[in-house]
Every structure is written in C-alpha cells, then in structure tokens.
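The sequence lines fix the lettering, A, B, ..., with proteins before strands; numbering per chain opens at 1. Basis for what follows: all heavy atoms, side chains included, without hydrogens, waters or symmetry-related copies.
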Amino acid sequence: MGRSRLFIALAVLLTCASLPGQAEIKADTSFRFPADKPVKIIVFRPDVKVGSMGVGTVEEPNADWTAAARTKLAAQIDAHQKGGGNEVIFLADQEGENAQVVADYQALFRTVAAAITQHKMAPGAGLPTKKNKFDWTLGPGATKLGEIGGGDYALFVSTHDAYGTAGRKVMQLLFAGMFGGYMPAGIHASYAALVDLKTGNIVWFNVDPASGGDVRTDEGATKRVEQLFTQFPLREGQAAPSAEPAPKK
Amino acid sequence: MKKIMVFLASAALVATPALAYKLVTHGQRVAVAKSAMTIAPPIDWNRQQSRPGRNAEAWTLDGMPLNEVTFYGGIAADQTLFKEVNKKEKPLPRFAAGMLPTDVVQMFEASYRLAGGSALFSVDGVEPATFASNRGFRFRYSFTLEGEEVKRLGEATGAIVGGKLWMITYEAPAIHYFDRNLADYRALVASAQLPGPTVTVG
C-alpha cells in the first residue's frame, strides 16, 4: 500500500546514488526528431530542490540556493536546446482549467518517473514483463499539454541536491572506519525526460543519481545540464557527435 | 522511515529481495496471498515478493505507483488488512466475522487513512457483486497519498466467506491508468476461486 510504496521509491533513490554505473536509462535509442520541420519543445518549470544534510538524514531546504539553481538551470536548458536547433517554449503560469491540467500532468509525470526509477534502476527490482521494454507513457490525454503550450514535445527536468555539512563529512569517515558501512555524503540526483505530445509516450529518459556540478553556480549548472543531456535525441540523419561524452565529475 | 532509508543505502550493493518481482504467467492458475484463493490471469503480471500484509499479495503491470492489484486472502477475525505501522498510537482497525459490507468499507477507509497517511480518501458507492461465486460487494474509492499530488482511483471486490474476508483491490492514477487497466483487474476478479462451500448467487 501507499506508505510502503513511498519508502521504496525513496530508498531506491538513495540506493541508486551509490551505483552510478547502473544509472543511465535511455527510453529508445532509435528515437529521432524529424529532420524536415522545426521542433517545438515545451519546458516545464524545473523541479529543483537544494538544501543541506547534517549528520542525520534530515534535509534542510534552502530557498535561496533553490531559487538560484532553478534560474541557472533554466538558462542552461534554454542554451542547450537552442544549440541543438530546437525551439524552446518555457511554459508560463496558467490560469483556471489549464492550470489544473498542467498541475495534474506534472503530478502524473512525477509518478511515472518514480515508477521508472524504482523498476528500471534498482538492482533486483526490475519488472519481468518489462525486461527489455521501455514503454512508459502519460497517455494520449497529454495532447492537451501541447494545445496549452503550443509545442510538439514536453521536457521535464528534476534535480535534487543536498550538500553534506562538515559534520556529516566527518561522520561519513567515522561510519566507514568503524563499521565499514556506507553513508552517502549528500544527495545529488537528477533526471530529465522528453514526452511526445502526440502520443503521451516518454521517448527519452535519463537519470543521473550521482550528478556532478554544483547547481548553485553558473559553471556547475552548465556541467549538470551537459551531463544530463549528453544523449539527448538528435534529428533524423544527424550523426551522434564523435566527441567523448562529458566527464562524469 | 529514515532508519529504513539509511539501512537500504548502506546495503546498496546487495540486491534487496524485498524489492524483487516475479513473473506471473498468463493462463496458469495460481494460489495468491498465501491462501486458498486461486487466480487464472489472462495476461502476464509482476508479483511483488514482499507482502503488504500477512494475508496479502500485490501485483503490478507498469510499476506499483501506476497500477497495483492487491489480493487479501482470507483476513480472519481480529486481523488487520496491512502490517501495523504504528500499533501504539495509530492501531489499525481489525476485521470481525459479523461485519456487513459497509463495515468492511469503513475498516478499509480507516486503514488507508492510518497506514497510507491519506487524508484525502473518499468512497464512491457500495453495491452488491459476485465474488468467486459468492455473494459479495464492490466499491469504488478515490485518494491521494501523503506527499504526492497524483489523484488515484480504486475499485475493490470481495466477499466474506467462512468468516473470513476475501477481497481484490485495484488502484491507479485517475489520469489514463485507471481506465486503461480496469478490465485487466476485472478479469482477475472474474477468475477468482475459493474452495469449499459457496453461497450460490442467482
């Protein structure tokens, strides 16, 4: 039931934080944007959470860090997409019925993302019926988002950072030394997803549970977006860049 | 909760069987919820290895947050629907053999509010239904879990047979998912069988 489900999703995120090798999920490597027409991508207000974490696992949210990170990340997403030749539409705040539709789909998206993270990332928690499949969707009703925002695709970005305090770092060493156990230094997880608004299908999804880049700085936000979007879909006929992928840290 | 998270994080490199899922192959009749209830699923499902309660078992298609079917296999008198989360301060209600369908609904609602932290829970009607060839009941409900914004719908079908509660529930987000898999859930309910004497319907 509900509560155990939340436990699992949270625990899985933490568990995955130490398993960067298993992190990346590509929905469909064959997905390409059409070559012959402009691509309009609606970007939803990024879900950004930045805080600090002390000796325990209690996080203290930091409103200033969060606001700064959101602005910096949005600017980097804009630059990144334009660099790829895509038109980006940052969805303005909606009113009335449209506001409800947007809120409902954002909530559904978070739930679908939780299912993907839980069942595609956690070692041993994979669903046997989806072993070689990536067919998650928001359903055909997602076309409403395209009508509201005036775009063909929707881009969702979520980042969660909790910087370990000095006390926590000391505790981390003690924990390892005394018990041989593992205590994460903090949380630096992010994911991004692209939804085809004709079908509601998630055509690209990438999780980076050990994200690099301090999102509180311009350089850090650039690094974070570059890493998260390393394998963002290309256009038909466009070859993947031969350059080395961005370094992890 | 934090203790559980830290524990799991520290056990990160060890596969956690509690999170594991096993395939339920279509076309084969299987016993569910460590009970005498059997089901013949028309399509493949994923069975969660950890149990939500002593006499319960959960299946999913796309992941627990997106579609969840729970089998309650003979909840006996004085038993709870799920594992207690806070027995001292928030004890879960207990089943009694003499309960009417409306009492079961009330117990269900109270259990969800206490165990799921779901303050937003409403029952949208109770009606008679057939369950494993017994006279039973069906009800719809809607809820939102604590810490989440997604609205979920649910349907429960069950019967009290031999002084025990037998029930199958289905929950999914209201947008897209609930309607998409409702027929898959009803097919599971239609295939449910219980041994022993039944109260023939009709």
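Around CZ of Arg110(A), the count of heavy atoms belonging to other residues, nucleotides or ligands within 6.0 Å exceeds 12. Counting non-hydrogen atoms of neighbouring residues, nucleotides and ligands closer than 6.0 angstrom, the CD atom of Glu127(B) exceeds 12 such neighbours. By the 6.0 Å contact criterion, NZ on Lys83(B) is enclosed, its count of non-hydrogen atoms from other residues, nucleotides or ligands being greater than 12. Within a 6.0 Å sphere centred on NZ of Lys164(B), other residues, nucleotides and ligands contribute 12 heavy atoms or fewer. Around the CD atom of Glu84(B), the shell of radius 6.0 Å holds more than 12 heavy atoms that belong to other residues, nucleotides or ligands. Atom CG of Asn86(B) sits in a crowded spot, with more than 12 heavy atoms from other residues, nucleotides or ligands closer than 6.0 Å. For Arg45(A), the CZ atom is loosely surrounded, since the number of other residues' heavy atoms within 6.0 Å does not exceed 12.
If you take CD on Gln118(A) and OH on Tyr21(B), they are separated by 5.5 Å, rounding to the nearest 0.5 Å. Taking CG of Leu127(A) as the reference point, atom CH2 of Trp45(B) lies at 11.5 Å (rounded to 0.5 Å).
Contact annotation for Lys151(B): only side-chain heavy atoms (C-beta onward) come within less than 4.5 Å of a heavy atom of chain A. Residue contact with chain A, scored on non-hydrogen atoms closer than 4.5 Å, is absent for Arg47(B). Looking at Leu81(B), there are no atoms closer than 4.5 Å to chain A (heavy atoms on both sides), in backbone or side chain.
Among all heavy-atom pairs drawn from Arg152(B) and Thr111(A), the shortest one is NH2-CG2, 3.5 Å. Here the closest heavy-atom approach between residue Tyr177(B) and residue Thr137(A) is recorded as OH-O, 2.5 Å. When all heavy atoms are compared, the tightest approach of Asp104(A) to Ile175(B) is CB-CD1, 3.6 Å.
Of the residues considered (Asp44(B), Thr169(B), Asp62(B)), Asp62(B) shows the highest number of contacts with chain A, using heavy-atom pairs under 4.5 Å.
Between the side chain of His119(A) and the backbone N or O of Met64(B), at least one donor-acceptor pair lies under 3.5 Å.
Side-chain contact of Asn46(B) with Thr129(A): a donor-acceptor pair under 3.5 Å is present, judged by distance alone.
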Residues Val150(B), Tyr105(A); criterion side chain to side chain contact (heavy atoms under 4.5 Å, CB included); working and verdict
CA-CA 9 Å; Val150(B) 74; Tyr105(A) 271 93; over 6 Å; no

